[in-house]
> 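Dropping the structure in here first, questions after.
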Amino acid sequence: MNSIKNIFSSKSNLAIILSINDNYAFAASNVIQRIEFYDHGLVDKYIIFHDHLSQNNIIALKALTKKIDFRIYDISSFLKKCPNFSKDTPSIARWTHLIFAKFEIFKLTENFKNCIFFDADLHPLTSIKQILTYRPFAWRPAAPSLTERTKNYENIPQHFTMPNAGLIYVSDSIKDCSKYTNICYTILNDSFGKISTSQGQDEIVFGVLNYKYNLNANHLPMIWNCPLGGKQTDKAKILHFMGRLKIWKNPILLQMFPEFKNNLQRHIDLGGTFNKNDVSLGDGFFSKNFTLLDSYNTIKNILLWKELLGDFYLKLNSNCVMSQETSKQYIQFYIKGFNKEIHYEIIQIKDKPYHKIIGFHIEDQKIIKDKISSLNIMKNISNKLGFIFKVTNKKLIIERTVKDTNLLESFSRFIENTIFIFANILRNRSN
């Protein structure tokens, strides 16, 4: 009889935990679809903590798998656990109380051997099985100093870390594991006013917990929770679309990750919803909510621009260099060795987010005032390529409007067909 009882009381192996509102339902859908694609059959339950999701999103998520368990995590129940907080507390006003649902991970070990909390803006790129080898407890350390952030609450030595709480792994091999859920809420409530309420409170609580109770959290390698654009982006097993680098806000990133766009479309097809102001679904590279400069500045320092525009950069003449001088409306490329007042441009059209102007500008006053053959050469080029030629007191311009879908091909071909001609004009002028 006891053996039969043990069989029915045995724990399931793995639960994946998410906490979302309606605005992040589509992102959670992507996480689930990615895990099921790489690890079908590995996960026993997806536990989704939410504050009254719409029926549309519940139905859409349920259609992905029968293994989803929805659990209400509303603001009133949270405030009962942490009475020092309010709806206006900065961290709650910014991220909502749902960021603290990850504390429930310890309690869930009563029913599961392994539990992994996933932020909805994570993007698995491979199987997650290897995470389970980091028992009993693991996270990827965050850069900010735990010691500095807790000095008014707890005296913690320098070598202790706090996590990036986007991914937390907990196993039931931690002794009395379930009790740490309530302890997390106690630490959070007691530390109110002593640690910052505007950022990272959930992460600080995990750090304090790890220190006070000697849990000895293992450090997950960066590749298991890798910020998009970090040094190990090309090696990442799970990407984290942190901060402004939300894949769904930037059409450039959607071009780079078509599987995300496909998963988003599946969520929509299943009846799921999303915040239209927060999601860029245009076919172009840029949108009204993400201008040319926003897109460029978001990724320019992390080499993804060159990765995205790979063919373009292969075609781009080595003597043509992208300028660091930009505005919200344009990006410039100049010819190496010459005055930057002479350059190629991609210009955003104000009222047409999916159209750009590509052109070549001469703003060097010496050339503009000198009525030499340069003017005729530029006219001939503009006529040959189907561009418009303009002359003002301050500029000589040839330009043409193109659609985003043809932008890269048109711009690279324009440079390829003109750079040597323009370089010769400038070289002759300098002589």
> If we ignore angles and hydrogens, is there a donor and acceptor under 3.5 Å between the side chains of H267 and N57?
yes

> Donor-acceptor pair, S410 side chain versus N406 backbone, under 3.5 Å?
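Checking the backbone N and O of N406 against the side chain of S410, a donor-acceptor pair under 3.5 Å is found.
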
> Are side-chain N/O atoms of N56 and T273 paired as donor and acceptor at under 3.5 Å?
no

> Between H343 and E345, do the side chains contain an N or O donor and an N or O acceptor separated by less than 3.5 Å?
yes

> Do the side chain of S91 and the main chain of T197 share a donor and acceptor less than 3.5 angstrom apart?
yes

> Side chain to side chain contact (heavy atoms under 4.5 Å, CB included), that's the test. Do L407 and K403 meet it? Break it down for me.
CA-CA 6 Å; L407 172 63; K403 293 181 179 180; over 6 Å; no

> Checking R34 now: which residues fulfil side-chain contact (heavy atoms from CB on, under 4.5 Å) with it, not counting sequence neighbours?
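Scan of R34 (side-chain contact (heavy atoms from CB on, under 4.5 Å), adjacent residues dropped) gives N30, Y38, H123, P124, L125, E259, N263.
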
> Hey, do the aromatic rings of F422 and F360 have their centres closer than 6.0 Å?
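That pair passes the under 6.0 Å test.
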
> Under 3.5 Å, which donor-acceptor pairs do the side chains of residues 151-163 form with other protein atoms, sequence neighbours left out?
unit_1: K151; atom_1: NZ; unit_2: E148; atom_2: OE2; d: 2.6
unit_1: T161; atom_1: OG1; unit_2: W139; atom_2: NE1; d: 3.2
unit_1: T161; atom_1: OG1; unit_2: H219; atom_2: NE2; d: 3.3

> Excluding sequence neighbours, so at least two apart, what forms side-chain contact (heavy atoms from CB on, under 4.5 Å) with V205?
F103, C184, I187, L188

> Classify the angle between the aromatic ring planes of W248 and F260 as parallel (below 30°), tilted (30 to 60°) or perpendicular (above 60°).
parallel

> Here's one to test your reading of the geometry: is the NZ or CZ of K340 within 45 degrees of the ring axis of Y334 and under 6.0 Å from its centre?
yes

> Determine whether F100 and F78 satisfy the following criterion, ring-ring contact (aromatic ring centres under 6.0 Å, His included), listing intermediate values before the conclusion.
CA-CA 8 Å; F100 302 117; F78 167 76; 5.2 Å; yes

> Quick one: are E363 and I342 in side-chain contact, heavy atoms under 4.5 Å?
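No, too far: nothing below the 4.5 Å cut-off.
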
> Output all residues satisfying side-chain hydrogen bond (donor to acceptor under 3.5 Å, both in side chains) with Y180, sequence neighbours left out; order by chain, then residue number.
none

> Would you check if F333 and I346 make a side-chain contact, meaning some heavy-atom pair closer than 4.5 Å?
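Contact flag for F333/I346 side chains = yes.
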
> With sequence neighbours left out, what residues match K246 under salt bridge (charged side-chain N to carboxylate O under 4.0 Å, His left out)?
D121

> Kindly write out the residues that satisfy side-chain hydrogen bond (donor to acceptor under 3.5 Å, both in side chains) with N84, not counting sequence neighbours, or none if the list is empty.
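side-chain hydrogen bond (donor to acceptor under 3.5 Å, both in side chains) check on N84 returns N189.
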
> Report the residues that fulfil side-chain contact (heavy atoms from CB on, under 4.5 Å) with N23, sequence neighbours left out, ordered by chain and then residue number.
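By the side-chain contact (heavy atoms from CB on, under 4.5 Å) rule, N23 matches N21, N275.
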
> How would you list all residue pairs meeting salt bridge (charged side-chain N to carboxylate O under 4.0 Å, His left out) that involve residues 46-61, not counting sequence neighbours?
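Output for this query is empty, none listed.
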
> Who pairs with F70 by ring-ring contact (aromatic ring centres under 6.0 Å, His included), at least two apart in sequence or on another chain?
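Expected list: H50.
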
> Side chain to side chain contact (heavy atoms under 4.5 Å, CB included), that's the test. Do I238 and I128 meet it? Break it down for me.
CA-CA 8 Å; I238 299 176; I128 63 170; 4.2 Å; yes

> With sequence neighbours left out, what residues match K45 under salt bridge (charged side-chain N to carboxylate O under 4.0 Å, His left out)?
none

> Do you know the tightest heavy-atom contact between A15 and I47?
CB-CG1, 4.2 Å

> Taking only residues two or more places apart in sequence or in another chain, which ones pass salt bridge (charged side-chain N to carboxylate O under 4.0 Å, His left out) with K194?
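Counting only residues at least two positions away or on another chain, K194 forms no salt bridge (charged side-chain N to carboxylate O under 4.0 Å, His left out).
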
> Checking E399 now: which residues fulfil salt bridge (charged side-chain N to carboxylate O under 4.0 Å, His left out) with it, not counting sequence neighbours?
K390

